[in-house]
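A short write-up of the structure that comes next.
For the numbers below, each heavy atom of this structure counts, side chains included, while hydrogens, waters and symmetry mates do not.
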Amino acid sequence: MGNLLNATELIRTVGLIGIWAIIFAETGLLIGFFFPGDSLLFLAGVAASPEVDQIPSLKGVHLPIVWLVVVTPICAIAGAQLGHWYGYRYGRRLFARPDSRLFKQEYVDRAEQVLLRYGPAKAIVLARFIPIVRTFMNPVAGVLRVPAGRFFLSNLIGGLIWCDGILLAGYYLAKPILKLIPGDKIDLYILPAVVVIVLISVIPILVEILRARRRGHAAVDPTDPADPADQIETASPRSRAAE
């Protein structure tokens with residue numbers, strides 16, 4: 001389990017195809033929520049950079065950046081589409097399970113809250129940058145009957161921004177980071193760096209959400225059926241599973 005949570009070990013062990021499989025699993029399979037998607041993408045970008053051999057933990061790993069930026073988002077998008085499909089198809093019983101060491105009902109509830117609060121389009125894009133939520137958002141969107149066309153468009157945008165944004169950040173920031181941090185210490189700073197990059201990436205989304213909330217407070221009637229939360233079925237996965 002420790003190796004599964006260590007992005008550096010994953011890259012060295014599974015290589016390019018393994019990275020694609022992990023990104024697919026994290027966004028398409030409920031069991032994939034524990035994978036370190038953000039740090040995995042960032043380090044994959046670093047491993048594709050010319051500076052990779054200056055980092056002892058990644059020395060000798062040379063990933064092709066073109067294949068990464070082309071295929072990785074496809075895997076993320078395909079995984080999310082699978083999640084939406086089986087949520088739509090099996091939603092009434094998909095989450096009918098007790099809490100365990102890995103599965104917690106609160107993961108489902110958190111994804112549902114993001115979806116209902118921001119509406120499908122913004123929530124599906126925003127969820128890409130929230131660990132655990134990005135795994136459960138897709139089947140929850142299916143359970144709540146987010147239309148396939150709307151889901152695919154938001155999934156496409158979110159998958160491209162998330163994957164290629166973080167991959168390219170790792171690729172282009174490897175050189176300046178190594179000027180500030182010794183290569184043998186870089187693993188200690190990866191997570192803080194990824195957090196900063198993710199926050200920068202979602203600034204446009206957060207700005208739009210704040211604008212929408214201000215408009216909503218000023219002009220939207222809570223009973224208005226045009227409210228985003230009313231455009232989808234609002235029964236929670238927990239209650240639907242109990243039917």
Spacing of [atom1] belonging to [X] relative to [atom2] belonging to [Y], to within rounding of 0.5 Å:
X      : Y     : atom1 : atom2 : value
Leu63  : Thr72 : CG    : OG1   : 9.0 Å
Cys75  : Ile17 : SG    : CD1   : 10.0 Å
Leu43  : Arg12 : CG    : CZ    : 12.0 Å
Ile22  : Leu29 : CD1   : CG    : 12.0 Å
Leu156 : Ile74 : CG    : CD1   : 10.0 Å

How close do [X] and [Y] get, counting heavy atoms only, and between which atoms?
X      : Y      : value
Val133 : Ala127 : CG1-CB, 3.8 Å
Val46  : Ala174 : CG1-CB, 4.2 Å
Pro120 : Val146 : CB-CG1, 3.9 Å
Pro73  : Cys163 : CA-SG, 3.7 Å

[X] with [Y], same ILVMFWY side-chain cluster at under 4.5 Å:
X      : Y      : value
Ile11  : Val71  : yes
Leu160 : Leu167 : no
Val61  : Val66  : yes
Phe152 : Leu144 : no
Phe136 : Ile130 : yes

Is the shortest heavy-atom distance from the side chain of [X] to the side chain of [Y] under 4.5 Å?
X      : Y      : result
Trp162 : Leu41  : yes
Met137 : Leu115 : yes
Asp38  : Leu40  : no
Gln81  : Phe151 : yes
Leu153 : Ile124 : no
Ile161 : Arg128 : no

Should the ring pair Trp67 and Trp20 be called parallel, tilted or perpendicular, given that the plane angle runs from 0 to 90° and is split at 30 and 60?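 Because their plane-to-plane angle lies in the 30° to 60° range, the rings of Trp67 and Trp20 count as tilted.
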Has the side chain of [X] got a donor or acceptor atom that lies under 3.5 Å from a matching backbone atom of [Y]?
X      : Y      : value
Arg150 : Ala121 : no
Tyr86  : Gly142 : no
Asn155 : Ile77  : yes
His84  : Gly79  : no
Thr135 : Thr27  : no

Worked verdict on Asp164 versus Val70 for side-chain contact (heavy atoms from CB on, under 4.5 Å): CA-CA 8 Å; Asp164 287 350; Val70 171; over 6 Å; no
Could you walk me through whether Asn138 and Trp85 pass the side chain to side chain donor-acceptor pair (under 3.5 Å) test, one step at a time? CA-CA 8 Å; Asn138 308 312; Trp85 175 81; over 6 Å; no
So Tyr171 and Leu68, side-chain contact (heavy atoms from CB on, under 4.5 Å) or not? Walk me through it. CA-CA 11 Å; Tyr171 182 82; Leu68 279 170; over 6 Å; no
Tell me, please, whether Phe129 has Arg134 positioned over its six-membered ring: NZ or CZ under 6.0 Å from the ring centre and within 45 degrees of its axis?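 Pair Arg134/Phe129 does not count as cation-pi.
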